[in-house]
Peer 1: 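The structure follows.
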Amino acid sequence: MDTEAGRVQGIACKDRTVTVFRGIPYAAPPVGDLRWRPPQPPPRWEDVRPADRFGPMCPQAPTEAAATGVDVPMSEDCLSLNIWTGAPSGEEKRPVLVWIYGGGFREGTGAHPRYDGEKLARRGIVVVTFNYRLGVFGFLATPELSAESEHGSSGNYGLLDCVAALRWVRDNIERFGGDPGRVTIAGQSAGAGLVNFLAMSPLAKGLFHRAIAQSHARYARDPELRYLSTSYRLPVDAERAGIRYLLERGARGIGQLRSLDWHKLVDGSHPLDTGVDTCGTAAPPLLRPVLDGWAIPAGYDETYSKGLQNDVDYLTGNNLDESGAVPGVLVASLRTGRRTVRPGSPPVHLTLEQHRGAARRKFGPLADEFLRLYPAGTDDEAARASSAAARDNSRLSTYLWGVDWTRRTSGSLHTYFWTHRTRAKGRGLRGASHGSEIDYVFHNPDGGTASWTEEDHEAARNLSAYWVNFVASGDPNGSGLPPWPAFSPDTATVMELGAQFRPTPVSDPARIDFWTRFFRTQQAW
């Protein structure tokens, strides 16, 4: 198969109607003087390049890289992508899904087996995964780096990698049977955060036509926006943090830091940005995207109020057991277990004291009203009430985000709430947790096909069908699927996916009124 940089040879998947091309460079290796610079075009090659192995994962903490279970090396030469296609002849134009992995902007790889695109490609779409720079390599900002940039920008290298990958798709995907006029970007957690940022970036305008953000499309006045994967930094704060980073490593300038072996810049630490007011104890990762005026020109509120976002079809939602909500059956074990605070992770309140204390910190003069709406007199009641509040927060926040998003856009919008909890034997206690829907979207069971029940497979068939339909047309609905109404700013409902497939209210009127009034007291981001 030809690309603009040279010819590549893929390999057949288990289903031999699908071909996978692995490890295709979409940008030059960001090494040496190219470290902490925007991605450059890939160098050309003359012979046919075997595309039978995934490219190296981008530098990240070795412990977290090992936890992925992916047998690929780690290298700074990591900007590659992978394609699954059932139309390798180039004679057919199929809709394209470009998947962006999550991992808090500090870990992840497009080679993870849960992102294997074979089953989705069998459904008639072309699937692309890729690597983008992480941690200090992807999100370091300093005054010196900003001065090097013709745009006065630094700290968004991971985001610029996403733009470069999308440009590669625009210029090359037709040769792999993909339609460059029907490209959907999709991601979960930090991947969803990058989807949101790309939707606000003029650099990505016209490079994609639909977007799927799995978890964390949040209202501009929701404090959780400030520490989840939706959080951004102001340039002055990002550059100050970068100066501290240089000083901590004894570097006098960026040139000295560029001369270091990349292994010396991966220490496994995940610093928190404690300078952000999140109305609680949660904090975002220090290394994350920057509101630089170029790649991300404006914050959420200004972007949506002025209609500056890319006008694309959108599909987004949240999960039942995330953002501080947990299944009741896990409460006892969580109380006795050790909980590690991770950047971008919401606190889980499991006791009456925690429930009441968090209410006082977050809601201030509205705390008593909150505690009347989410009452508790024991630790177990408090855990249930806290989870109920977390779910209402996320559902209503996404609903209000939708109201803002649709005010100045013409594309379709569909929102969901994922509720499926597996009943598979031997799989442990698993709720509809953060990221659990990914395996169902790609229909890749963790542990193999036999590890799922028929109920799991049915949920996956429905969910992946909705996603494929949306990628193809901007509408998830299709034959044999429960109807999924489009978002309406006049009706606070969301589509439940999983335990049942049906529209359901965001919450009851009293709780909707409370959260709406609380959000109005908060600073708009």
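Positions are given from 1 along the sequence.
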Peer 1: What verdict does the salt bridge (charged side-chain N to carboxylate O under 4.0 Å, His left out) test give for Glu369 and Arg511, after you've listed the backbone C-alpha separation in whole Å, the side-chain angles of each residue and the deciding distance to 0.1 Å?
Peer 2: CA-CA 10 Å; Glu369 183 180 357; Arg511 290 178 175 182; over 6 Å; no
Peer 1: Any chance CZ of Arg53 has more than 12 other-residue heavy atoms, nucleotides or ligands included, within less than 6.0 Å?
Peer 2: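 Counting neighbours around CZ of Arg53, 12 or fewer heavy atoms of other residues, nucleotides or ligands fall under 6.0 Å, so no.
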Peer 1: Only one of Trp84, Phe130, Trp99, Phe54 forms a ring pair (Phe, Tyr, Trp, His ring centres under 6.0 Å) with Tyr115, so which one is it?
Peer 2: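 Among Trp84, Phe130, Trp99, Phe54, the one that satisfies the ring pair (Phe, Tyr, Trp, His ring centres under 6.0 Å) with Tyr115 is Trp99.
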Peer 1: Keeping the roles fixed (side chain from Ser75, backbone from Cys78), state whether a donor-acceptor pair exists under 3.5 Å.
Peer 2: no
Peer 1: Decide yes or no on ring-ring contact (aromatic ring centres under 6.0 Å, His included) for Phe442 and Trp467, but give the supporting numbers first.
Peer 2: CA-CA 9 Å; Phe442 285 86; Trp467 261 236; 10.0 Å; no
Peer 1: Would you tell me whether Gln214 and Thr316 have side-chain atoms, one donor and one acceptor, within less than 3.5 Å of each other?
Peer 2: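 No pair is found: no donor N or O on one side chain lies under 3.5 Å from an acceptor on the other.
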Peer 1: In terms of relative ring orientation, are Phe197 and Tyr232 parallel, tilted or perpendicular, with 30° and 60° separating the classes?
Peer 2: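 Aromatic pair Phe197/Tyr232 classed perpendicular.
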Peer 1: Determine whether a donor-acceptor pair (N or O, by modelled atom type, separation under 3.5 Å) exists between the side chain of Asn82 and the backbone of Gly23.
Peer 2: yes
Peer 1: Check the orientation of Phe370 and Tyr374. Use parallel for under 30°, tilted for 30 to 60°, and perpendicular for over 60°.
Peer 2: tilted
Peer 1: Ring centroids only, cut at 6.0 angstrom: are Trp418 and Tyr440 within range, meaning strictly under it?
Peer 2: yes
Peer 1: Please check: side-chain N/O of Thr303 versus main-chain N/O of Met200, any donor-acceptor pairing under 3.5 Å?
Peer 2: no
Peer 1: Looking only at side chains, do Glu4 and Asn172 share a donor and an acceptor under 3.5 Å apart?
Peer 2: no
Peer 1: Between Arg37 and Tyr157, is NZ or CZ placed under 6.0 angstrom from the six-membered ring centre and within 45° of the ring axis?
Peer 2: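 Arg37 over Tyr157 ring: no.
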Peer 1: May I ask you to decide if Gly402's main-chain N or O and Tyr304's side chain share a donor-acceptor pair within less than 3.5 Å?
Peer 2: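 Side chain of Tyr304 to backbone of Gly402: no pair is present.
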Peer 1: So is Arg361 actually on top of Phe363's ring, under 6.0 Å and inside 45° of the axis?
Peer 2: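 The answer is no, since Arg361 fails at least one limit relative to Phe363.
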Peer 1: Decide whether His434 and Glu322 meet the rule of one side-chain donor and one side-chain acceptor closer than 3.5 Å.
Peer 2: yes
Peer 1: Using only atom types and a distance under 3.5 Å, with no angle test, would you say the side chain of Arg233 pairs donor to acceptor with the backbone of Val290?
Peer 2: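 Between the backbone of Val290 and the side chain of Arg233 there is no qualifying donor-acceptor contact (under 3.5 Å).
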Peer 1: Check for a donor-acceptor pair, side chain of Asn156 on one end and backbone N or O of Ala295 on the other, with a separation under 3.5 Å.
Peer 2: no
Peer 1: Between Asp313 and Ser412, is any side-chain donor less than 3.5 angstrom from a side-chain acceptor?
Peer 2: yes
Peer 1: Give the C-alpha distance, both sets of side-chain angles, the deciding distance and a yes or no for side-chain hydrogen bond (donor to acceptor under 3.5 Å, both in side chains) between Arg288 and Ser231.
Peer 2: CA-CA 8 Å; Arg288 64 193 194 280; Ser231 184; 2.9 Å; yes
Peer 1: Examine distances only and state if a side-chain atom of Thr398 and a backbone atom of Arg395 form a donor-acceptor pair shorter than 3.5 Å.
Peer 2: no
Peer 1: Going by distance alone, is a donor N or O of one side chain under 3.5 Å from an acceptor N or O of the other, for Trp36 and Ser154?
Peer 2: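 Short answer, no.
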Peer 1: Quiz question: by atom type and distance under 3.5 Å, do the side chains of Asn393 and Ser323 form a donor-acceptor pair?
Peer 2: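 No.
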Peer 1: Which of these, Trp401, Tyr399, Phe519, sits in a ring pair (Phe, Tyr, Trp, His ring centres under 6.0 Å) with Tyr219?
Peer 2: Phe519
Peer 1: Short question: side chain of Glu248, backbone of Tyr245 - any donor-acceptor pair under 3.5 Å?
Peer 2: no
Peer 1: Examine the side chains of Asp116 and Asn444 and answer whether a donor and an acceptor come within less than 3.5 Å of each other.
Peer 2: no
Peer 1: Under 3.5 Å, is there a donor on one side chain and an acceptor on the other for Asp222 and Gln522?
Peer 2: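 No, because no side-chain N or O of Asp222 sits under 3.5 Å from a partner of the opposite role on Gln522.
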Peer 1: Regarding Asp321 and Ser433, is there a side-chain donor-to-acceptor distance under 3.5 Å anywhere?
Peer 2: no
Peer 1: Is a donor from one side chain sitting under 3.5 angstrom from an acceptor on the other, for Thr184 and His209?
Peer 2: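 Their side chains do not contain a donor-acceptor pair, so the 3.5 Å distance test is not met.
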Peer 1: Going by atom types only, do Glu239 and Ser146 share a side-chain donor-acceptor pair under 3.5 Å?
Peer 2: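 Looking only at side-chain atoms, Ser146 and Glu239 do form a donor-acceptor pair, the distance falling under 3.5 Å.
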Peer 1: Are Asp171 and Arg167 close enough, and set up right, to give a salt bridge (charged side-chain N to carboxylate O under 4.0 Å, His left out), and what steps lead you there?
Peer 2: CA-CA 6 Å; Asp171 297 337; Arg167 287 174 176 161; over 6 Å; no
Peer 1: Count the heavy atoms belonging to other residues, nucleotides or ligands that lie under 6.0 Å from CG of Asp71, then report whether that count exceeds 12.
Peer 2: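 Not more than 12 within 6.0 Å, no.
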Peer 1: Taking the side chain from Asp161 and the backbone from Arg133, do they hold a donor-acceptor pair closer than 3.5 Å?
Peer 2: yes
